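I have placed the structure first, in the form of structure tokens, so that the comments after it can refer back to it.
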Amino acid sequence: MTDKVPNLVHINNVDKVFKRGSEEIHVLGGLDLEIPEGEFLALMGPSGSGKSTLLNLIGGLDRPSQGSVEVGGEQVGQLSDRRLAAWRARHVGLVFQFYNLMPVLTAQKNVELPLLLTHLSRSERKKRAAIALDIVGLSHRKNHFPRTLSGGEQQRVGIARAIVTDPTLLLCDEPTGDLDRKSGDEILDLLQALNREQGKTIVMVTHDIHAAARASRTLYLNKGQLSTEPVD
Amino acid sequence: MTGLINWFSQIISVTAFGFQSLPKRLGSSLTAMLGIAGVVAVMVAVLSIAQGIMQTMENSASVDNVVVLRSGATSEMMSGLSGDEARYISEGPGLVRNDSGAIASPELFVIINLLKKTTRTDANVPLRGVGPAAFEIRDSFKIAEGRMFEWGLNEVIVGVGARMEFEGLELGSTIPVGQEEWPVVGVFEAGGGLAETEIWVDSAVLQPAYRRGNSYQTVYAKLESPDSFPEFKDALTSDPRLNVKPMRESEFYSSQSEMLYNLITGLGTLVAVVMGFGAVFGALNTMYTTVSARTREIATLRALGFHSGPVVISVLSESLLLALAGGIIGATAAWAVFDGFRAATVNMASFSQVAFAFDVSANLLVRGILFALIIGFIGGLFPAIRAARQPVATALREL
């Protein structure tokens with residue numbers, strides 16, 4: 001008999017409606033999703049299908065119009081803005097398509113950024129950032145500014161920043177979308193390693209079928225609904 | 001406590017990122033900064049005129065001097081005293097006396113037309129007939145060039161301010177007094193006070209030149225001490241032979257400059273506020289552009305868990321920094337260009353010219369910089385609120 005892995009994310013009957021003037025756009029409708037701890041889930045679907053919206057709901061960057069989003073036992077949609085920000089800082093690591101690094105900070109300082117929200121001392125922050133940069137293989141570039149790094153290297157810094165607080169959940173929005181194949185593969189190798197070796201739960205939005213193949217499960221989103229099969 | 005430190009740490013970080021990326025927004029930042037500098041320079045320059053006039057009036061007044069006008073008169077021009085009245089006033093209690101009697105100078109005040117050097121237009125220049133005591137009453141009086149006029153002779157001396165502002169007041173030249181031309185024999189200083197805009201002459205020769213008989217307009221006198229004023233005033237106002245209004249000299253000059261000071265201050269403030277509106281829009285535009293340029297950065301920071309409060313403070317700080325720099329530049333420019341700049345204008349109380357120096361005081365500089373900070377605050381507040389209120393997910397999508 002095998003133990004069932006507990007779910008980290010429970011999404012129950014979630015609707016998400018955007019208003020554009022008087023028009024209502026239903027992006028997600030009655031969506032249910034469970035993500036077990038330690039899973040590497042890929043979300044695919046056509047543009048505008050709601051992939052990023054779903055990712056934002058899981059990460060507490062947005063709130064559902066209806067239904068509940070529970071992550072690690074916390075009803076994310078019911079937290080105040082202030083508590084939600086604090087919750088994100090503690091439990092979620094975000095990886096963006098365009099890296100979103102601070103251009104005025106070195107790689108090391110960029111990675112330290114989320115640690116400014118903790119009570120860690122300066123030396124402790126520095127130490128943890130160094131470990132994160134080591135994990136992504138960029139220790140030798142720690143004093144470089146983003147503009148002097150390649151796209152792949154910038155994304156590695158982005159991943160180091162996402163993992164530096166040791167979050168339970170990594171949310172990656174098209175992490176290879178701006179990279180060439182080789183760099184993209186390196187990033188995917190890294191994400192896979194974080195999933196397998198450090199047990200990080202990863203939800204990755206992607207358009208790339210090769211990227212999705214690295215995940216342990218792939219779900220397809222179309223017209224606000226999830227399915228296990230791609231939609232033509 | 002940890003939460004507070006954490007919050008300050010966020011403010012410092014977010015603000016530092018904004019400042020560090022300022023060079024990327026140099027053009028719009030410089031425009032806003034120079035716009036504010038212009039407003040502050042104009043405001044400080046205009047208000048320094050009022051300040052200068054006030055300073056001139058203050059320099060004119062001595063605490064132990066008294067001025068006596070006819071009751072109901074609001075200026076020397078409107079006043080009139082007979083020779084007997086002037087004598088009764090001189091006999092009042094509490095005045096300094098010497099062998100010749102009280103230190104009191106019955107004076108005549110007329111206006112002559114001269115050309116203003118800067119505009120070459122007619123200007124009303126005060127011509128004052130004084131008695132011998134006038135020079136003891138005005139402690140700071142001294143002949144700077146030439147000599148004192150001879151008592152009983154048709155000669156004049158001119159104030160340094162008057163010579164600078166009006167034509168024909170050089171030593172040796174003549175000026176029209178009544179039907180005659182009288183020579184300028186000396187130039188005097190009076191501690192930067194109002195008298196420096198005047199021309200002085202023996203009152204005894206001025207009376208017949210203007211057919212004034214034995215009449216005067218004011219009596220200036222020196223009190224034994226500032227505390228002697230109530231006694232002197234009571235004696236004069238209760239004397240049935242007199243219908244006069246004794247005033248401390250400071251009170252008199254303050255009333256003389258009040259209208260002009262208020263007018264210039266009002267106009268200066270109005271101009272500053274109108275221009276300030278323009279500068280606020282300039283600052284708003286710049287800060288909206290800044291917020292727009294920092295959308296990615298701000299959205300990312302908030303996505304990582306930074307609160308919206310530090311974002312508001314960061315944007316406001318940047319706006320205030322630009323305004324502070326603009327304020328300092330504007331105030332410094334006004335000080336460098338205008339402080340001490342000499343000019344003359346009409347004093348509406350006497351309808352005569354008053355020469356003064358623009359006075360860019362420390363107080364004015366501080367007011368100018370504070371005004372700049374108000375512009376910066378208003379210009380930064382709304383963009384800051386917009387930056388903080390923009391939903392993180394929406395902001396990230398707009399990248």
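By convention in this document, chain letters (A, B, ...) are assigned in the order of the sequence lines, proteins followed by strands, and residues within each chain are numbered from 1. What you see is a predicted model; the values in this text were computed from it and never measured.
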Got a sec: does the [atom1] of [X] have more than 12 other heavy atoms crowding it under 6.0 Å?
X      : atom1 : result
A:K142 : NZ    : no
B:Y261 : OH    : yes
B:F281 : CZ    : no
A:K200 : NZ    : yes
B:F277 : CZ    : no
A:R63  : CZ    : yes

Euclidean distance, B:E297 CD relative to A:L101 CG, rounded to 0.5 Å: 11.5 Å

Passing candidate, side-chain contact (heavy atoms from CB on, under 4.5 Å) with B:V392, options A:L61, A:D62, A:D81: A:L61

Nearest atoms (heavy-atom pairs only) where [X] meets [Y]:
X      : Y      : result
A:A89  : B:G305 : CB-CA, 4.1 Å
B:F17  : A:L113 : CZ-CD1, 3.2 Å
B:F306 : A:A85  : O-CB, 4.5 Å

Under 4.5 Å from a heavy atom of chain B, the part of [X] involved:
X      : answer
A:L105 : side chain
A:L94  : side chain
A:R90  : neither

A:M102 vs B:T300 side-chain heavy atoms within contact, under 4.5 Å: yes

Side chains of A:R161 and B:L304 in contact at under 4.5 Å (non-hydrogen atoms): yes

Donor-acceptor pair, side chain of A:R88 and main chain of B:R302, under 3.5 angstrom: yes

